[in-house]
Protein chains: 2
Amino acid sequence: MKESSKEWSLSKQDERLGLLLWFRISRIYNQSIRQSNQHLKKWELSAAQFDVLVQVGSHERLSQQELADKLFVTKGNITQLLSKMEQMGLIKREQEWKTKYLSLTEKGRELFQEVVPQQEQFQAAQFSGLDEEEKKQLLQLLRKIQHKQRKE
Amino acid sequence: MKESSKEWSLSKQDERLGLLLWFRISRIYNQSIRQSNQHLKKWELSAAQFDVLVQVGSHERLSQQELADKLFVTKGNITQLLSKMEQMGLIKREQEWKTKYLSLTEKGRELFQEVVPQQEQFQAAQFSGLDEEEKKQLLQLLRKIQHKQRKE
DNA sequence: AGTCATTAGTTTAATACTAAACTTAAGTAG
DNA sequence: CTACTTAAGTTTAGTATTAAACTAATGACT
């Protein structure tokens with residue numbers, strides 16, 4: 001073993017593993033997103049809109065920037081998503097000084113009640129191949145990756 | 001009103017873990033893609049184009065459908081990606097009967113030599129927060145998820 | 001007050017990706 | 001040969017997403 005090697009010069013073996021990991025993760029992510037989109041069609045929602053619904057529905061006085069941060073997307077993306085969802089009558093934007101605070105409309109709240117439990121169950125079921133212990137392990141490993149990523 | 005049947009609370013716990021997992025995975029995926037896109041700017045390539053370059057460069061007589069399967073995207077997506085890359089002079093499409101076989105042009109091969117090793121290293125480095133043992137473990141867990149996913 | 005930096009959100013132009021409908025070529029069965 | 005089916009690729013219309021440039025409000029510093 002070579003603990004002396006610097007972090008940025010990976011061994012060939014480590015590099016191969018990293019690539020395999022990347023490949024697996026993309027595959028799982030893409031598959032999940034696709035399945036979620038299919039599942040959400042029942043309610044005429046997309047996965048992205050669902051994510052907004054969840055966040056706005058479960059936080060008071062969320063600003064657009066905060067929402068963007070929670071979802072790890074750009075604020076430009078949020079602007080566009082929200083315009084659509086405002087049109088659909090799900091979301092309200094209330095300006096207060098510089099900031100627009102978000103909340104669900106009555107219709108949005110109803111949809112939230114209806115769809116969130118079902119969709120969460122569906123999404124969680126993607127990981128039903130693992131038992132509780134394995135999920136915890138996986139979560140731990142993913143956290144480590146993110147921790148590192150953040151610093152770069 | 002505490003509904004404390006063992007099974008019920010266990011599955012609730014599992015559901016929470018599943019959601020956390022989904023959230024972590026999206027975040028890691030999105031972050032990685034974004035960083036890859038940035039890194040690939042040097043060569044005026046996108047992450048999607050890079051993936052095509054790798055696959056076409058390392059397989060003989062790949063059809064478009066096969067490429068789509070390898071990358072887990074739709075063939076419609078592939079058609080569009082390839083049109084662009086053909087225009088850029090990186091890829092050749094040769095029709096034989098019903099099928100179009102793909103290969104790199106001279107320019108494509110040069111780019112392949114130049115960019116693939118560097119980008120692979122970059123991509124693998126996203127997982128440098130884990131040691132070799134942990135990577136293997138993670139890979140194992142992801143494989144299990146995929147295995148289950150495929151069946152649904 | 002006047003200038004400068006920061007912050008929230010919007011706009012724009014581009015790529016990526018999907019689902020679904022479509023076209024065309026083969027392969028198969030009567 | 002005609003009709004049906006399947007397979008490869010294309011097209012279309014729509015969403016998602018980004019980066020970068022922009023607008024406008026806020027707040028400091030001098």
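No hydrogens, no waters, no symmetry mates; every other heavy atom, side chains included, goes into these values.
- Set against D:dA16, D:dA8, D:dG9, the side chain of B:Thr79 has D:dG9 as its closest nucleotide.
- Counting to the nearest Å, the C1' atom of D:dA20 and the NZ atom of B:Lys41 are 9 Å from each other.
- Counting atom types as modelled, A:Gln80 pairs a side-chain N or O with a base atom of D:dT18 as donor and acceptor under 3.5 Å.
- Looking at A:Gln65 and A:Asp69, their side chains do bring a donor and an acceptor atom within 3.5 Å of each other.
- Closest to the side chain of A:Val73, from the set C:dA19, C:dA25, D:dT18, is D:dT18.
- Under the side-chain hydrogen bond (donor to acceptor under 3.5 Å, both in side chains) criterion, B:Arg34 pairs with no residue, sequence neighbours left out.
- If you check every strand for non-hydrogen atoms under 4.0 Å, B:Thr99 touches sugar and phosphate atoms only.
- Going from atom CG of A:Leu45 over to atom P of C:dT18 covers 20 Å, rounded to whole Å.
- In this structure, the nucleotide among C:dT18, D:dT10, C:dT15 sitting nearest to the side chain of B:Lys84 is C:dT15.
- One can place CZ of B:Phe72 at 18 Å from P of C:dA16, the figure rounded to the nearest angstrom.
- Taking the ring centroids of B:Phe72 and A:Phe23, they lie under the 6.0 Å cut-off.
- Donor-acceptor pairing under 3.5 Å, judged by distance alone, is absent between the side chain of A:Lys100 and the base of C:dA8.
- If you check the side chains of B:Trp22 and A:Gln126, you find no donor sitting under 3.5 Å from an acceptor.
- Atom NZ in A:Lys75 sits roughly 13 Å away from atom P in D:dT18 (whole-Å rounding).
- In this structure, of C:dT18, D:dA16, C:dA8, it is C:dA8 that holds the atom nearest to the side chain of A:Gln65.
- Counting only heavy atoms from C-beta on, A:Gln64 has its side chain closest to C:dG9 among D:dA7, C:dG9, C:dC17.
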